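What follows is a single structure, written as structure tokens, with notes after it.
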Amino acid sequence: MKLVPLGDRVVLKQAEPEEKTQSGIILTTQSQEKPQQAEVIAVGPGGVVDGKEVTMQVKAGDKVIYSKYAGNEVKLDGEEYIIVRQNDILAVVE
Amino acid sequence: MKLVPLGDRVVLKQAEPEEKTQSGIILTTQSQEKPQQAEVIAVGPGGVVDGKEVTMQVKAGDKVIYSKYAGNEVKLDGEEYIIVRQNDILAVVE
Amino acid sequence: MKLVPLGDRVVLKQAEPEEKTQSGIILTTQSQEKPQQAEVIAVGPGGVVDGKEVTMQVKAGDKVIYSKYAGNEVKLDGEEYIIVRQNDILAVVE
Amino acid sequence: MKLVPLGDRVVLKQAEPEEKTQSGIILTTQSQEKPQQAEVIAVGPGGVVDGKEVTMQVKAGDKVIYSKYAGNEVKLDGEEYIIVRQNDILAVVE
Amino acid sequence: MKLVPLGDRVVLKQAEPEEKTQSGIILTTQSQEKPQQAEVIAVGPGGVVDGKEVTMQVKAGDKVIYSKYAGNEVKLDGEEYIIVRQNDILAVVE
Amino acid sequence: MKLVPLGDRVVLKQAEPEEKTQSGIILTTQSQEKPQQAEVIAVGPGGVVDGKEVTMQVKAGDKVIYSKYAGNEVKLDGEEYIIVRQNDILAVVE
Amino acid sequence: MKLVPLGDRVVLKQAEPEEKTQSGIILTTQSQEKPQQAEVIAVGPGGVVDGKEVTMQVKAGDKVIYSKYAGNEVKLDGEEYIIVRQNDILAVVE
């Protein structure tokens with residue numbers, strides 16, 4: 001199964017957060033700082049979104065930084081993804 | 001009876017949530033994580049919505065992921081549906 | 001007396017909520033789930049509303065589902081009506 | 001003195017609320033349900049309001065239903081009026 | 001010194017609130033109902049404001065009613081003025 | 001060093017607030033009423049801001065009244081400035 | 001690695017806040033006033049953003065003042081950056 005995003009949506013896969021502290025204590029999800037760096041998995045077709053023409057500027061495989069207040073978390077086949085609008089992607093990391 | 005959505009609305013039917021945990025405890029609705037995957041049941045005609053031209057991009061039978069903060073729950077003939085705007089559909093699952 | 005809605009407004013009449021539970025206990029309005037199904041009583045002329053052209057797509061007699069967060073309740077000659085914008089009507093029930 | 005509304009404003013005069021219950025108890029303003037039915041007293045010229053062309057569709061003497069969350073209450077020569085935008089008038093009562 | 005308003009701003013001078021109750025008790029500003037009637041002192045040039053063409057429809061000397069939730073209070077040479085946008089003026093009193 | 005504002009921004013310098021009451025008590029910043037009168041220090045070029053053409057109407061040296069809920073306070077070389085959008089300037093004092 | 005901002009985004013690097021008070025006490029991040037002055041590190045291409053044409057007016061190396069309520073903090077290779085929209089940059093310091 002794969003996710004095919006609509007409009008200006010982009011499917012991201014976050015880098016794995018460190019599950020343990022240096023001293024080996026397992027952290028709960030709450031205390032882990034959500035990483036904002038992710039890899040682009042799939043990119044919507046763009047086009048007219050909310051009445052405005054959007055051109056997609058990222059592509060699958062790009063490493064990106066996205067806004068920490070954005071995105072919907074979704075789970076598919078046990079894998080977690082974030083779906084954001086392209087406008088919530090702040091920068092590409094090269 | 002059937003639901004004929006207006007404008008850019010889409011009628012969805014959620015996958016059934018698991019009613020029991022693995023150990024057999026019956027969960028209340030509150031503690032169940034709302035599944036975000038659903039099947040498209042009916043699609044509005046699109047056209048001018050809020051003064052903007054909308055082209056429908058999903059069709060009946062599509063499996064979709066939708067925003068967990070979106071949608072109106074409606075009950076018809078004992079069946080529960082979610083009606084969302086197409087813009088609240090994040091991706092199609094293929 | 002009758003209600004003649006302006007612009008994109010639609011006058012609805014809700015289905016009567018069940019006044020008693022199966023065991024005969026009379027429920028207060030609070031504990032009754034507001035039914036979202038209603039009949040269209042009168043439809044505004046549409047036209048330019050908030051600077052946008054609106055075409056009316058429902059007609060008197062239609063059974064509709066409307067958003068539960070929408071609408072103004074009004075009382076006329078002892079009858080209760082809901083006045084909504086057409087955009088708050090989610091689907092027609094056929 | 002008279003009120004000449006600007007733009008898409010409409011001056012309304014509410015029907016008098018009943019000052020007593022049937023058993024003769026005088027009610028405070030708080031416990032009285034605000035009547036939403038009113039008579040149109042004066043109508044603004046319409047024209048471009050907030051950058052959008054507005055055509056006035058009500059006239060002095062019309063009985064109207066208006067949104068209960070709308071309007072500015074004003075007092076002139078001891079009389080109370082409500083000034084609303086035409087868009088807050090839901091329907092004309094005929 | 002005089003105030004020359006910019007854009008669609010209008011400088012108003014409120015009618016003096018009664019400083020004493022009938023029994024002679026001096027009221028604090030809090031307990032006095034803010035009068036909404038005022039005189040137009042100066043009118044901005046209008047023109048393009050927030051990307052929309054605005055034509056000024058009031059003139060110095062007009063007695064107006066303005067929205068009680070609008071306006072900036074300013075003090076100049078010991079005199080108090082209210083500066084509102086023309087859109088916050090509800091009606092002219094003639 | 002000098003501040004060169006972008007777009008429709010205007011750099012203002014507030015009149016000095018009185019640091020002492022008449023009886024000589026030194027007031028904290030909190031209890032001092034923020035003066036709304038200021039002098040224009042520098043003016044942005046205007047042009048297209050948020051997709052709308054803006055023409056600058058104030059110039060360096062103007063004494064202006066600005067909205068008390070607007071502006072960013074900035075400190076440069078020990079001097080305090082307020083940077084506002086031209087739209088937050090209510091009137092010029094002549 | 002480097003950050004390549006999208007659209008009207010600008011990557012900033014803040015001036016280092018003073019880590020100690022004059023008496024040598026180490027301050028926590030909370031009690032330090034966030035400096036609003038920063039250096040431009042990278043500038044997005046501009047173009048159509050949210051349906052509006054944006055022309056970039058700052059360049060790498062510029063010293064700028066930005067709005068203290070704006071920006072996303074990001075960490076890359078142990079360095080901290082702020083990514084803002086150009087519209088959140090108030091002025092260039094020359």
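Residue numbering restarts at 1 for every chain, and letters A, B, ... go by the order of the sequence lines. Treat the numbers as computed from the prediction; the structure is a model and nothing was measured.
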For a 4.5 angstrom cut-off between non-hydrogen side-chain atoms, does D:L3 reach D:L76?
yes

Considering only heavy atoms, which portion of D:L90 lies under 4.5 Å from any heavy atom of chain C: side chain, backbone, both, or neither?
both

Nearest-0.5 Å distance, CD1 of residue D:I89 to CD1 of residue C:I83:
11.5 Å

For a 4.5 angstrom cut-off between non-hydrogen side-chain atoms, does C:V40 reach C:V11?
no

Check every N and O of chain D against chain C and note each donor-acceptor pair under 3.5 Å, with its distance.
residue	atom	partner	partner atom	Å
D:N87	O	C:R9	NH2	2.3
D:N87	OD1	C:R85	NH2	3.3
D:N87	ND2	C:D50	OD1	2.9
D:L90	O	C:L6	N	3.1
D:V92	N	C:V4	O	2.8
D:V92	O	C:V4	N	2.7
D:E94	N	C:K2	O	2.8
D:E94	O	C:K2	N	2.8

Please find the pair of heavy atoms, one from D:A38 and one from D:L12, that lie closest to each other, and give the distance.
CB-CB, 3.9 Å

Closest non-hydrogen atoms of C:P5 and C:V10, given as atom of the first, atom of the second and distance, are CB-N, 4.4 Å

Region of D:V58 that comes under 4.5 Å of a non-hydrogen atom in chain C
side chain

